[in-house]
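Lettering of chains follows the sequences in order, A, B, ..., and the numbering in each one begins at 1.
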2 protein chains.
Amino acid sequence: MATIGQIAAELGISKSTVSRALRGLPGVSQDLIDEVKAVAERMGYVPSAAAAGLTTGRNYAVGVVVPALTRWFYSEVVSGVDRALAAAGYDVVLYDMDRNHDVGTRAFARSLLRKRVDALIVVATVFTEHELAEFDALEMPVIAVGPSAPQFRTIGVDDHAIMAAAMEHMLGLGHRQLGYVGGYDEESLSLASAADREHTFMKTALAAGALVQPEWMLAGGYKQGAAMRATRELFSRDSWPTGLVCASDEMAMGAICAIHAAGKRVPEDVSVIGIDGHEYGADYELTTMAQNPQAQGEWAARQVVAEIEGATPVQEFEPAPFTLIQRGSTAAPGR
Amino acid sequence: MATIGQIAAELGISKSTVSRALRGLPGVSQDLIDEVKAVAERMGYVPSAAAAGLTTGRNYAVGVVVPALTRWFYSEVVSGVDRALAAAGYDVVLYDMDRNHDVGTRAFARSLLRKRVDALIVVATVFTEHELAEFDALEMPVIAVGPSAPQFRTIGVDDHAIMAAAMEHMLGLGHRQLGYVGGYDEESLSLASAADREHTFMKTALAAGALVQPEWMLAGGYKQGAAMRATRELFSRDSWPTGLVCASDEMAMGAICAIHAAGKRVPEDVSVIGIDGHEYGADYELTTMAQNPQAQGEWAARQVVAEIEGATPVQEFEPAPFTLIQRGSTAAPGR
DNA sequence: GTGAAAGCGCTAACAG
DNA sequence: CTGTTAGCGCTTTCAC
């Protein structure tokens, strides 16, 4: 493995010059730059991030903490983060908290703290007091993506607003008998988002004088399968709503499946609206309040890079945008 | 940020002793060890991976290359890799090749080559000749997970065998009119697995004298939404198979949804079998040939760690196991 | 323009 | 058991 010193020796010049030439710093003649680069290429030279980081304190890496990589939303965010970071020349160090949250707390903190990363992006993860204190001690930029975390600056949609918008659509169509598919995903560790959505659903429904039976509040666990089962059960009873508001698109797709299984039609018998903007929504003709987790990830990544490189930290972010995508799963009731 | 030197100064001892004490190396009195650890804790000492790596050449990090993090299979594998690596004290450096494959080739190689990682785990990614050559030059353990890559040692199921087993189940039930939901996922970059499964489906079907109409070969793109649409179309025609063999569970769940939408029953009118062992399969009563991508990821991670730490490389891995999970979506035809 | 020297934080021989 | 002495590969003053 070629080093800067070997290149220097090969050309009979000093290491400093090689370093400067390779990094395009001023003060090296163009001829030498070309020569150095050629030799570096020929020798298969590759800079050592560790060595460079030792002196500069910069690692060109940012940590991404995620509660469960296998969940759609999180993998989308991470994907966006990765793309933006790669474009900026930074690596992604992944910390999947899936199940090893309590077990691995110590290990997580230790490894995190190894000066591996220049900043941290936290995706919808809840931490202990102790961990939060450690983050503070880190003294590096930290930005959260997803459900807002009071301790961090957060990039994400306003969960109240997005649900209110979904409700506006359903109420506007004339639905007054509404069911809700929500619940909590135990593994995702973040309950705030789910609670906010459910709360606003209820509040808005009641304010509009809509009928919401207790049995119409379904626990879908933010998972397609669970939502499908819960919905199937709902339609095995003798009364059901004209509209189903789902706290996520994954659950909405499960619900649609269950409605079909029950021999009902969407939207003729039941309207279904989702939230999130899942990739498969189009195939299911699903009306949804779409947000863009990838874009949020990219945004967070760019912001974090800017701060690493000296930009003054933004104190508070605008809520991420969302838009109604109207498709075939919603219509006026009783058609 | 406390360093080893500061701790040494604080206690009036040498850096080496501190280093040894902290790492639990032999040759330090228990008393001193305790003292050192106490001071380190108090000063909030955290080791610098970069500095340690510089001398030892070990980074305690492994790179994970993945074609599209947002796909179920890959995120499962990465999740498993992460867990095993975290347990072994290693960090995960993620390289999501999603879309930036051609654009980012150079950046990918460069960053990979920065001696950041001690080994590489490649998940179902296809590389150019040039990239492969660079991997060789890296001289570090490389293991592939998922569809077998001829250039790498691979951990994964035998795609022929798993499809053959699925077919055995369907044929054993008496199905002789079979449809196939498969296709290719353009974004995943790995076509071998899809091709193998389709090939074995065809071969096995023909060998059993089963009827397979060309229109029954559906392109589901390995995506739930696309599979749903393709299946919906199939059932809008005037002839359809008694059994549907799906190359993945995600597609199978989409197919089930479409079958319900068409007013048919599973398994009474159509049997459906999937492959993979998706988490939601149970909710859908889906019969499947289950594999365990998380376990495969863990296995690869453990193997790679062993090799980093000096174990002699295993030359070839056993194919990963799979088992039939028989649930309610399959039954004898014509019930 | 270019070079020499010092040092980033840690580990790894050697001595004692 | 503990300390000394060299570096690891790179960047960064400061001279020339």
Side-chain angles (χ1 to χ4, degrees), chain A residues 1-37 39-40 43-61 89 110-111 113-118 138 309, chain B residues 1-37 39-40 43-61 89 110-111 113-118 139 308-310:
Chain A
M1 291 266 84
T3 75
I4 215 181
Q6 293 172 22
I7 299 179
E10 182 89 6
L11 278 102
I13 62 177
S14 75
K15 293 194 305 178
S16 352
T17 305
V18 174
S19 173
R20 284 192 276 255
L22 254 19
R23 286 180 301 154
L25 294 188
V28 187
S29 68
Q30 190 56 49
D31 290 5
L32 232 192
I33 292 182
D34 295 343
E35 260 189 283
V36 170
K37 287 195 170 164
V39 173
M43 298 177 72
Y45 169 77
V46 170
S48 156
L54 240 202
T55 27
T56 60
R58 285 263 280 281
N59 300 287
Y60 288 97
R110 265 199 43 189
S111 116
L113 295 155
R114 288 208 209 170
K115 297 155 181 166
R116 265 262 154 71
V117 299
D118 302 321
L138 283 177
E309 300 184 344
Chain B
M1 290 265 84
T3 75
I4 214 181
Q6 293 171 23
I7 299 180
E10 181 88 5
L11 279 97
I13 60 177
S14 75
K15 292 195 304 179
S16 353
T17 305
V18 174
S19 174
R20 283 192 278 254
L22 255 19
R23 287 181 300 154
L25 293 189
V28 188
S29 68
Q30 190 55 48
D31 290 5
L32 232 192
I33 292 183
D34 295 343
E35 261 189 281
V36 170
K37 286 195 170 164
V39 174
M43 298 177 73
Y45 169 77
V46 170
S48 156
L54 241 202
T55 26
T56 59
R58 285 263 279 282
N59 299 287
Y60 289 97
R110 263 198 45 189
S111 119
L113 294 156
R114 287 208 210 171
K115 298 154 182 167
R116 265 260 154 71
V117 299
D118 303 321
E139 293 181 350
I308 292 171
E309 300 184 343

Let me know the distance between [atom1] of [X] and [atom2] of [N], rounded to the nearest Å.
| X | N | atom1 | atom2 | result |
| --- | --- | --- | --- | --- |
| Ile33(B) | dT2(D) | CD1 | C1' | 12 Å |
| Ile13(A) | dG3(C) | CD1 | P | 6 Å |
| Glu35(A) | dT2(C) | CD | P | 10 Å |
| Gln30(A) | dT2(C) | CD | P | 11 Å |

**Prompt:** Has the side chain of Lys115(A) got a donor or acceptor atom that lies under 3.5 Å from a matching backbone atom of Ala51(B)?
**Reply:**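 Checked: no pair found.
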
**Request:** Give the intermediate values and the outcome of side-chain contact (heavy atoms from CB on, under 4.5 Å) for residues Glu35(A) and Val39(A).
**Result:** CA-CA 6 Å; Glu35(A) 260 189 283; Val39(A) 173; 5.5 Å; no

**Prompt:** Which heavy atom in Ala40(A) sits nearest to a heavy atom in Leu22(A), and how many Å separate them?
**Reply:**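 Reported closest heavy-atom pair: CB-CD1, 4.2 Å.
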
**Request:** Considering non-hydrogen atoms only, spot the tightest contact between Ala2(A) and Met43(A) and give its length.
**Result:**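 For Ala2(A) and Met43(A), the tightest heavy-atom pair comes out as CB-O, 3.6 Å.
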
**Message:** dG3(C), OP1 or OP2 - any side-chain N/O from Ser14(A) closer than 4.0 Å?
**Reply:**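 Answer yes for this pair, as a side-chain N or O of Ser14(A) is under 4.0 Å from OP1 or OP2.
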
**Message:** Which residue in the set Leu11(B), Leu32(B), Ile4(B) passes side-chain contact (heavy atoms from CB on, under 4.5 Å) when paired with Val18(B)?
**Reply:**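 When Leu11(B), Leu32(B), Ile4(B) are each tested with Val18(B), the side-chain contact (heavy atoms from CB on, under 4.5 Å) holds only for Ile4(B).
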
**Request:** Determine, for nucleotides 6-16 of chain C in 5'-to-3' order, which nucleotides have protein heavy atoms under 4.0 Å from the base (write B), from only the sugar-phosphate (write S), or from neither (write -).
**Result:** -BBBBSBB---

**Message:** Is any side-chain heavy atom of Ser19(A) closer than 4.5 Å to one of Lys15(A)?
**Reply:**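 The answer is no, as the side chains (C-beta and beyond) never meet within the 4.5 Å cut-off.
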
